[in-house]
Amino acid sequence: MTDVKLDDIVSLAKRRGFIYPGSDVYGGLSGTWDYGPLGVQLKRNIMNLWWTMFVDERDDMYGVDAAILMNQKVWQASGHVDTFTDPLVECSNCKGRFRADKIDTSKCPTCGKTGTIGEAKQFNMMFQTNVGPVADEKSVSYLRPETAQGIFTNYKNVVDSFYPDLPFGIAQQGKAFRNEISPRDFIFRSREFEQMEIEYFVHPEKWEEAFEHWVGQCKEWFTVLGLPEDMVHELEVPASDRAHYSKRTIDFEFDYPIGREELMGLAYRTDFDLKNIHDNSGKSMEYTIKGTNDKFIPHVIEPSFGVERALMAVLVSAYTEDEQNGEKRIYLKLPEHLAPVKFCVSPLLKNKPELVEKAREVYKAMKAKHGNVMWDDNGNIGKRYRRQDEIGTPKCIVIDFQTLEDDTVTVRDRDTTEQTRVTSAEIV
RNA sequence: GCGAGAUUAGUAUAAUGGUAGUACAUUUGCUUCCCAAGCAAGGGGCACGAGUUCGAUUCUCGUAUCUCGCACCA
């Protein structure tokens with residue numbers, strides 16, 4: 001477990017411009033969150049890191065970006081129209097709610113009364129909409145509840161374009177939507193969220209080694225995110241809890257302030273999805289090993305990463321409180337490659353034009369080189385340090401009177417608070 | 001979606017059926033000011049809607065959102 005309180009993170013995230021409640025000015029909308037300037041940068045840093053690591057740096061991975069709206073047949077074939085729709089019933093006596101298909105509706109399982117169970121109501125987790133001007137059965141579509149189907153539906157396209165050797169993967173990042181009954185716990189469970197998914201296609205007899213490969217890759221990813229090893233836990237999901245398509249699933253869980261919860265999942269999906277498409281679309285999803293007659297529908301290993309859950313784990317891992325001169329100091333110990341602001345540049349005094357002018361010069365040069373550099377001349381120097389600590393800026397550069405003489409600046413470290421003097425040429 | 005509780009400034013919190021206070025943050029100015037220093041001045045708030053009342057931030061009802069429990073989480 002962690003000592004970090006979720007409320008502290010939620011407050012800081014709002015106060016400092018990371019994450020705001022969705023539709024805040026109109027009183028909010030349950031299950032939605034908006035990202036502020038620092039939040040979107042942090043989120044993009046995480047997503048870009050993922051793309052670099054799993055797509056750019058590999059030679060067996062192909063990226064795609066499929067449409068969120070898809071033909072309704074996709075969701076019929078995938079099982080989502082049936083299985084994402086739960087018939088719910090309610091007991092008029094004790095107000096208990098149950099899955100109509102899981103209980104004997106003649107008698108309430110909670111209060112034991114008979115004849116109190118009402119009519120079943122359909123509740124579908126998918127957001128339904130209509131595509132085109134006519135709202136009828138044919139025009140029904142859904143906001144995708146997972147990004148995976150956008151990969152499976154493009155499997156044949158990618159194979160036709162590149163015909164890669166097995167094993168190979170298709171990767172995608174994008175939004176997904178689920179009409180959760182009860183969104184909770186900050187960005188952990190929301191109605192609109194972002195996934196980073198890979199479908200890794202393998203020979204049916206070689207799924208186990210690919211699975212192990214991805215277990216290792218997931219762990220490496222957690223290291224790159226800076227998550228402490230002892231806060232990440234590997235859970236072998238028993239058959240009874242696995243999704244209908246999976247023959248093996250590992251959940252990686254994280255010690256969030258709300259408890260130990262799923263950070264990401266790694267599932268062996270067999271050929272469930274491609275076979276569905278093969279059977280329903282009339283198109284062959286079979287793969288032939290080059291130069292052989294070995295022909296089959298590939299099996300799939302699916303590492304599925306939730307962006308928000310990764311981001312929340314990063315924030316929880318980074319959030320640190322310690323004492324300095326008897327005062328509480330809060331800082332985000334973000335890995336440098338994730339920090340939304342890399343450097344902050346300040347003049348020691350903002351009412352000395354010569355200091356401000358020199359600091360502006362350094363700021364411009366650094367911004368041109370590093371991009372995410374912030375200017376801060378507010379209040380006194382101590383306040384600036386604390387403010388930068390809270391948003392996780394690794395280094396603060398200060399221009400003082402000595403800079404004007406020998407062109408050296410002070411570099412102050414976020415984690416140690418130590419300062420060193422370097423020439424401005426060294427940091428620009 | 002059910003049950004309970006909550007909602008006061010950017011954040012954290014007081015009080016009140018009769019002009020809403022504090023801390024931090026924020027803005028402006030002064031100070032050769034390196035870890036939330038000091039001084040001076042300023043801006044900003046009762047979630048939304050209806051009702052009761054001479055008057056509602058306060059009481060009542062509804063809505064939204066949040067928290068906790070239940071349920072849900074292919």
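Chain naming here is simple, since letters A, B, ... match the order of the sequence lines and numbering starts at 1 in each.
Nucleotides B:U7 and B:C48 are separated by 14 Å at their P atoms, to the nearest Å. Taking atom C1' in both B:U16 and B:U8, the straight-line distance is 12 Å, to the nearest Å. Rounded to whole Å, the C1' atom of B:U27 lies 22 Å from the corresponding atom of B:A20.
Panel note: side chain A:Gln172, backbone A:Ala66; a donor-acceptor pair is recorded below 3.5 Å.
Ion pairing between a basic and an acidic side chain is recognised when a charged N comes within 4.0 Å of a carboxylate O; A:Arg384 and A:Glu390 show no such pairing.
Distance NZ (A:Lys14) to P (B:C24): 21 Å, rounded to an integer number of Å. Going from atom CG of A:Leu348 over to atom P of B:C34 covers 6 Å, rounded to whole Å. Atom pair A:Asn179:CG and B:C73:C1' shows a separation of 13 Å (rounding to whole Å applied). Summarising the geometry, the separation between NZ on A:Lys383 and P on B:A36 is reported as 10 Å, rounded to the nearest angstrom. For A:Glu418 and B:C35, the CD to P distance is 14 Å, given to the nearest whole Å. For the pair A:Asp7 CG and B:A12 P, the computed distance is 8 Å after rounding to whole Å.
The two residues A:Trp207 and A:Pro204 make their nearest non-hydrogen contact at CD1-O, 3.3 Å.
Look at A:Ser11 and you'll find a side-chain N or O under 4.0 angstrom from OP1 or OP2 of B:A12. Under 4.0 angstrom from either OP1 or OP2 of B:A71 there lies no side-chain N or O belonging to A:Ser182. When the side-chain nitrogen and oxygen atoms of A:Asn378 are compared with OP1 and OP2 of B:U27, one or more of them lie within a distance under 4.0 Å.
Within 6.0 Å of atom NZ in A:Lys364, 12 or fewer heavy atoms from other residues, nucleotides or ligands are found, so the atom counts as exposed in its surroundings. Few gaps surround CD on A:Glu236; more than 12 heavy atoms of other groups in view lie less than 6.0 Å from it.
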Donor-acceptor pairs under 3.5 angstrom involving side-chain atoms of residues 20-32 of chain A: please list them, not counting sequence neighbours.
residue	atom	partner	partner atom	Å
A:Asp24	OD2	A:Lys14	NZ	3.2
A:Thr32	OG1	A:Leu29	O	2.8

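On a pure distance criterion of 3.5 Å, a polar donor-acceptor pair joins the side chain of A:Gln419 and the base of B:C34. A donor-acceptor contact under 3.5 angstrom links the side-chain atoms of A:Arg189 to the base of B:C73. Between the base of B:G69 and the side chain of A:Arg184 there is a donor-acceptor pair shorter than 3.5 Å.
When each of A:Asp413 and A:Lys350 is assigned the nucleotide of RNA chain B bearing its nearest heavy atom, the one mapping closer to the 5' terminus is A:Lys350.
Taking a pair as Watson-Crick or G-U wobble with both distances under 3.5 Å, the runs of three or more consecutive pairs in RNA chain B are B:1-7 with B:64-70, B:10-13 with B:21-24, B:26-30 with B:38-42, B:47-51 with B:59-63.
Relative orientation of the A:Phe152 and A:Phe201 rings is perpendicular, given thresholds of 30° and 60° on the angle between their planes.
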